[in-house]
Amino acid sequence: MTNWIYISTSNRQLKLFDGNTLLKTYPIGVGKMLTPTPTGTYTIINKDPNPGGPFGVLWMGLSAPHYGIHGTDNPATIGHFVSHGCIRMYNKDVLELSSMVPIGTGVVIHQ
């Protein structure tokens with residue numbers, strides 16, 4: 001089976017699956033009301049270690065232009081509706097997730 005990611009913006013959780021098997025659940029921060037996280041099915045198209053600033057230790061770009069899964073320089077924002085649409089993770093979590101998902105991994109985002 002292939003790993004894939006399911007994101008629930010309403011629950012503010014990212015779940016990593018191997019086929020139908022849940023491997024791990026992570027807390028996330030997502031888009032606020034005026035800049036919501038886009039729903040739909042996407043893929044991870046690139047990875048950028050050490051992008052700096054608000055993106056923390058790692059950026060994983062999605063096939064939705066200008067959106068990604070990334071670390072944060074403000075861990076207090078995890079678990080909240082705070083971003084401009086991106087998915088924020090604790091830095092240690094985004095590093096762990098990145099090690100388990102190659103470029104091309106599917107990402108499903110629901111409310």
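Just the heavy atoms: all of them, side chains too, but no hydrogens, waters or symmetry mates, feed the values below.
The two atoms that bring Gly85 and Pro38 nearest to each other are O-CD, 3.8 Å, heavy atoms only.
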Exercise for review: Test Ile5 against Lys15 for side-chain contact (heavy atoms from CB on, under 4.5 Å), laying out the working first.
Suggested key: CA-CA 6 Å; Ile5 293 169; Lys15 294 184 178 191; over 6 Å; no

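Grouped with Met33 in a hydrophobic cluster is no other residue, since no side-chain heavy-atom contact under 4.5 Å to another Ile, Leu, Val, Met, Phe, Trp or Tyr is found.
Atom CG of Leu16 sits about 11.5 Å away from atom CG of Asp93, to the nearest 0.5 Å. Interatomic distance, Ile28 CD1 to Ser83 OG, rounded to the nearest 0.5 Å: 9.0 Å.
Asp48 pairs by the side chain to side chain donor-acceptor pair (under 3.5 Å) definition with nothing, not counting sequence neighbours. Every residue two or more places apart in sequence or in another chain that forms a side chain to side chain donor-acceptor pair (under 3.5 Å) with Thr77 is listed here: Arg88. With sequence neighbours excluded, the residues forming a side chain to side chain donor-acceptor pair (under 3.5 Å) with Ser98 are Lys47, listed by chain and number.
Annotation: side chain of Thr72 is not in contact with side chain of Met89 (no heavy-atom distance under 4.5 Å). Counting heavy atoms from C-beta on, the side chains of Thr2 and Asp18 never come closer than 4.5 Å.
Sorted by first and then second residue, the ring pair (Phe, Tyr, Trp, His ring centres under 6.0 Å) pairs with a member in residues 74-97 form an empty list; sequence neighbours excluded. Listed by first then second residue, pairs satisfying salt bridge (charged side-chain N to carboxylate O under 4.0 Å, His left out) with a partner in residues 70-83 number zero, not counting sequence neighbours. Listed by first then second residue, pairs satisfying ring pair (Phe, Tyr, Trp, His ring centres under 6.0 Å) with a partner in residues 15-47 read Trp4-Phe17, not counting sequence neighbours.
Cluster membership check: Ile44 shares its hydrophobic cluster with Ile7, using side-chain heavy-atom separations under 4.5 Å among Ile, Leu, Val, Met, Phe, Trp and Tyr. Hydrophobic clustering places Leu95 together with Leu14 (ILVMFWY residues linked when any side-chain heavy atoms are closer than 4.5 Å, directly or through intermediates).
For Leu22, the CG atom sits in a packed shell: over 12 heavy atoms of surrounding residues, nucleotides or ligands are nearer than 6.0 Å.
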For a quick test of your reading: what N or O donor-acceptor pairs under 3.5 Å do the side chains of residues 57-71 make, sequence neighbours left out?
{"residue": "Ser63", "atom": "OG", "partner": "Thr43", "partner atom": "N", "Å": "3.0"}

Which donor-acceptor pairs under 3.5 Å do the side chains of residues 99-111 make with protein atoms, sequence neighbours left out?
{"residue": "Ser99", "atom": "OG", "partner": "Glu96", "partner atom": "O", "Å": "2.6"}
{"residue": "Thr105", "atom": "OG1", "partner": "Pro102", "partner atom": "O", "Å": "2.6"}
{"residue": "His110", "atom": "ND1", "partner": "Tyr6", "partner atom": "OH", "Å": "3.4"}

